[in-house]
Amino acid sequence: MNQRIESRLHAFFLAAGLWFVVLQAFGDEAIAVFAGSERLAGNLTSTGSDSLNSLMQAWSLLFMQQHPELNVQIHASGSATAAVALTESTANLGPMSRPMTQTERQRFEKMHGYPPLEIPVALETLAVYVHRTNPLNVINMNELETLFSAEPQCQPAGRITRWAELGVASPLGQRRISLYGRNSASGTYGFLKQQLLCHGDFKPEVHELPGAAAVIQAVALAENGIGIAGTRHQSAAVKALQLQQQDQQPMTLQRTLYIYLNAHPVIGLGAAELAFMRLVLSETGQQLVEQHGFEAIPPEIRAGLLQHLSGTVHVD
Amino acid sequence: MWTRKSRDCISRVAVTLVGYSVLLAFALIFIFLLWQVWPLFQPAKISVQSLESASVTMVDSYSVQSTNGHTATHPLMLDNGLDERVQLQADGYFQWYLRVGDDWQLQMQGHLGLASWQAATMLSGSRTLLVADKNAQVYSWFRLHQELIVRPRITLRQMELQALIPVSADSFFSLHPGQLDWYHVTTGKHLAELQLPDTPLQQLQLSEDRQLMRLHWGPDHSQAYQLQWQHPAVAGGQLWSAVHYEGRREAAYVWQTAAAADDSNPRLSLIPLTSGTLKAAGYAMLFATPLAILAAVFTAFYLPERWRYRTRATMEMLESMPTVILGFIAAFLLAPWLEQQLMLFFVLLVLVPTVLVLCSALWFHWRQRQQQQAEQPGAVLVLSLVAGILTAFMLAPALEHAWFDDSLLLWLAGQGIDYQQRNALIIGMAMGLAVIPSIFSLTEEVVSQVPASLTQGVLALGASRWQTLSSMVLPVAAPGILAAVLLGLGRALGETMILIMATGNTPLLGFDPFEGMRTLTASLALEMPEAAVGSSHLKVLLLAALLLLVLTFLINTLVSLLRQRIRQRYLQL
Amino acid sequence: MRQWWQQGSPWVWFSASALLVCLGLFMALLGLIAVKGMHHFWPAPLVQFQLTEQSRPQLGRLVRSVSDRAERKDRAYRLVDRGDLIVDASSQLPGRYLLLEAHQLLSDRPKQAVWVQLQDGRTFYGKQVGQETAPSDAGLWLDLGMAAPVLISAVEIRAYWLPNQLSFRQKGAVFWQEWRYFLTASPSQNQSAGGIFPAIFGTLVMVLLMAVLVTPFGILAAIYLHEYAPKNWLTQLIRTSVYNLAGIPSVVMGVFGLAFFVYVLGGSLDRLFYADQLPAPTFGTPGLFWAALTLALLTLPVVIVATEEGLSRLPQAQRLASFALGATQAETIWKVVAPQAAPAMLTGLILAIARAAGEVAPLMLVGVVKSAPQLPVDTQFPFIHLERKFMHLGYHLYDVGFQSPDAEVAMSLVYAIGLVLLTLILLLNLSAFFLRQRLRRKYRLID
């Protein structure tokens, strides 16, 4: 029944939209992607991480200056969308702020028959923020896990719900801690789930906000708030806490940001994708990384990556 | 002549087709969603697979020993294929190891509390230990630090048990002579069964993705089977019941989608989302209904024609106010303001109506003294409203100082009531504002269309305007007002942007006004793009969409029925 | 007293105040957006501040006062924007926004303070060095509070002025210039500077495409329901489905658009026509056409209801007269009825566009992106790129507010975007309102 409707609608749609389909087919022939030559044209779609978005935009701007006929479109609604989009082939570039999980890799392999190509492009440090009036300065990982997890998995621990339990005096001490984090599509969420919670669950009380700026702003507006976001989002209205390990050694929560690509083992990477990745890993590309408050990939690793990329060149 | 006629005919056919296509479009949405969601509820199956096509390499194999094999004295060593290992003695004494680097560290030891047991296994890739006792009960435990947490017990078939075989991180086989059963650990549900030949089974092999199984009865007697269970996270009834997941201390309703985490099966309980949707809509209606209905009644019955028309037009225009703006203001302006001024909010809530009642009584009294008709005042009313609001502004800090030691929030925290900045009150106000125009427009329409003959009759009998309204107009228009409220409810249930931006998306249960919520709509908008095509997660989200569709369908059908009824009533009068 | 209660006096007061409160809340909301949105472009005075007693005074833009209530004492701060930083590494404090205490602000506001914005969207505040008021050919020498003045070359500068010297009227001129720039430029600096032209353009192209899709269907369906449909259960069913279509939550429509239009229809289109480009998708990915189609489905009932209302206002006598002259039903409808109901159809269309322009949730799923440097309409064949993703005002607002790197910049920008969106929608609504009013007046005369 529904099959019939589907095909009917399909037929109707085709009739209605025939003119532009024809136009489109001609149009795309005219602007086919050239490989090897300097002239690159067509569309390059990036779907994925919100954390990497500003950087992707900077790279794509630079890239489009070099290749004016190429159109780079950026869609950033979270790292998980990158894996889905690459698997479904709805994107060429998949920026992710965490490594792909086993399940995502399997899905990709099942669809395409080969694993996705993983290129680290930048490093980011996460920090824990509280309201500027909060007297707390230091927090250790165990406390942080206890705060955010429904049931601590890394270390046995009690429960922390009020500021007094972190040693904050009254009046703030009496109030419950408001927790702010990112939504589940984000790489921050996945990274914290793996690294901070040892794969445990987040508390249902953790606010899932759809953007790092929203986390900072929420903490800036809530005296009893605590939130986790990248260091480059820090504003004057919030205070970053110093992170400590169990043994009071200072530590940082650092994660690698990646771009995933669909590189066919025989055909190789598309020319536009390759040119883009070369730009990303170039000296100028990595300078942009630092300008945006991330940390650059060390040059020796970059050299290896570039060589690896060249191995997957599409030779016509 | 022929062309005119045929043109008429063509026109008729084309227009009719388009008319029907509206119905088709609506049906398509329904049927498509149903069709997408359907596989969620398909039960697990074990079916025979022809050997030729089964060329997939089998990674895990379990050899089946002869019956009552390991009730012997030697300890049984179990592991989950990753980093946990349990050594189990015949008397129920166990030692639990964790792999750190290359060596195994003893984490805990103790007694299971079972005098004897028949079979035991560890689920692959999980921390759960399964032990079957003599009475066909399977106990399951997992280790949380130095503690064993008990999960629900599973009752097996009352037959001789040959072995427990782990299938996935969440399901296992129980092997009996001539019978193979498949159970789900988290829910304890019996998934499927398979009749086996009487020959004793020697070996069982599973493929890596757990979709194929091969059974060997001898060197040249084997058979491949397909294990079909597409949506393990749903089939066991997790959507609507509390589930005891591994790693947690008790059963709970959890919505936590983890595209980023490999190990866990997704926690897809629709209960928190549904309750969140109802909570958000409920608070919005609580705020919007009285305001909108009172305002509409006043507009329809008291305002002069000119002003009525203008007010109605303004409200209609406000109906298309983009909710993304409302959401932003609610999240970053209203929420922090309300946290600072909670006392003021309550004082306003109490004081303004009180002042209004007092002023109205005084006014009435005064007019009577002057031997005048108690006309309704314009300016006095506005003044008293403003006075009420101003008094509240002035009184609130003083009252807060006197009663709550300067901070209502801290006082509340002392009473165990925790105020979260993103809460149901905020949503009630922001979303209430969004639905006020819908309720207002329909109520106003219904009330103003009450036949004039009726109202004039009642007025002629000497009733005041309000008496006419409450005794005549409102009862007549009641179905229409109900329709208006339902229309508003439908809109509140489907609202998305305000909820994404201002709720904090916390999947909490319950109706606490000072806590946030996560709604079906917000989850749809946030999670649809991340959900993989064909995954349980996507299907459950589509189910949530279907649920919303059905809810709003019921509400809208009811609304259109009520509107029809009131139209008929007016025609009759 | 009894009489007071019986006559319902308090209830009248309540209902009147309910109306006042409703309207007051909405007006407050609109006023807030208008004021804050306008404020974003009004040149603010530049002030001098010192981070420590010894440090060199720097220039900054006063944003607003902030007060904290810590340990039961109010502490007042000023939020100051010190502009983009030329050298990031040297500064100890993060971000461009600082919270300063009153004593850190210096009282004098130098006349030579310059607000300068570069072509790439970066903004600097500094003291002009030298006497010329206009930048020389080389550019503008600015003292940014660092060791040596910095030369900003003339080609890089987009706009600059000296806010502390401006008269009220000059400020007004700057205000309008900045508005014009905002409406016509592309975003830069990660959406936190520049304009919103692509978002306005994307919104307009999308709603126009939607209008093209929805108009024929909506009008024909309304004509069917009003002119052709027999009075039976099927017609009732169609009517019910129109009402229900209107009540479907927009996000559910977005879900349907993604799961059916994009994945099913778009996927099969790609396999049929663009097989050579797979795995790179053409139509199997969210895009302009799917967004327009989804919103067309969403706004179909709006057009149907408005058109039908217009049709029902036409006097029946006209139809009968047409029949009496021997016209067929088609001729009656297309030559007599439809032309007269055209304003009603237009009203419906405008209302549909107003609704579509304000929707965000379904678009998040079917084609809106935070940044699409190329517009969906350009000079390249085939001119309208239906498969491209596009920017949208409502989504831009959400994105700037929640996902921009600097939360403080976003705050004031969001109100400006909101003001544009709101103005657009109110204008559409107003035009629909006046059209309908004219129509009503016209037929009241005929009746």
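Keep in mind the model is a prediction, meaning the values are calculated, not measured. Chain identifiers are assigned alphabetically (A, B, ...) following the order of the sequence lines, protein sequences preceding nucleic acid strands; residue numbering begins at 1 within each chain.
- Heavy-atom distances place the side chain of C/I33, and not its backbone, under 4.5 Å from chain B.
- Among C/L29, C/V242, C/L225, the residue making the largest number of heavy-atom pairs under 4.5 Å with chain B is C/L29.
- The part of B/M315 that comes within reach of chain C is its side chain, from C-beta onward, which places non-hydrogen atoms under 4.5 angstrom from that chain.
- Proximity of the aromatic rings of B/F298 and C/F14 is defined here by a centroid distance below 6.0 angstrom, and this criterion is not met.
- Using a 4.5 Å cut-off between heavy atoms, B/E319 makes no contact with chain C at all.
- With a 4.5 angstrom heavy-atom cutoff, B/S360 touches chain C via backbone and side-chain atoms both.
- A salt bridge links C/R239 to C/E308: at least one charged side-chain nitrogen sits closer than 4.0 Å to a carboxylate oxygen.
- The main-chain N or O of B/H365 is never found under 3.5 Å from a side-chain atom of B/Q368 such that the two would form a donor-acceptor pair.
- Heavy-atom distances place no part of B/C9 under 4.5 Å from chain C, backbone and side chain included.
- Taking the six-membered ring where the residue is Trp, the centroids of C/F402 and B/F332 are separated by under 6.0 Å.
- Neither the backbone nor the side chain of C/L393 comes within contact range of chain B; no heavy atom of the residue lies under 4.5 Å from a heavy atom of that chain.
- Distance alone, capped at 3.5 Å, places no donor-acceptor pair between the B/D8 side chain and the B/R4 backbone.
- A donor and an acceptor atom, one from each side chain of B/T299 and B/Y309, are nowhere located under 3.5 Å apart.
- Only the side chain of B/S560 comes within less than 4.5 Å of a heavy atom of chain C; its backbone N, CA, C and O stay farther away.
- Considering only heavy-atom pairs separated by less than 4.5 Å from chain B, the leading option among C/S17, C/P286, C/G218, C/P10 is C/S17.
- Ranked by heavy-atom pairs shorter than 4.5 Å toward chain B, the options C/A432, C/A259, C/G418 are led by C/A259.
- For chain C, the option among B/L548, B/V22, B/I29, B/T552 with the highest count of heavy-atom pairs below 4.5 Å is B/I29.
- Heavy atoms closer than 4.5 Å to chain B are found in both the backbone and the side chain of C/V255.
- Contacts between C/L428 and chain B at a heavy-atom distance below 4.5 Å are absent for every atom of the residue.
- Only the side chain of B/L326 comes within less than 4.5 Å of a heavy atom of chain C; its backbone N, CA, C and O stay farther away.
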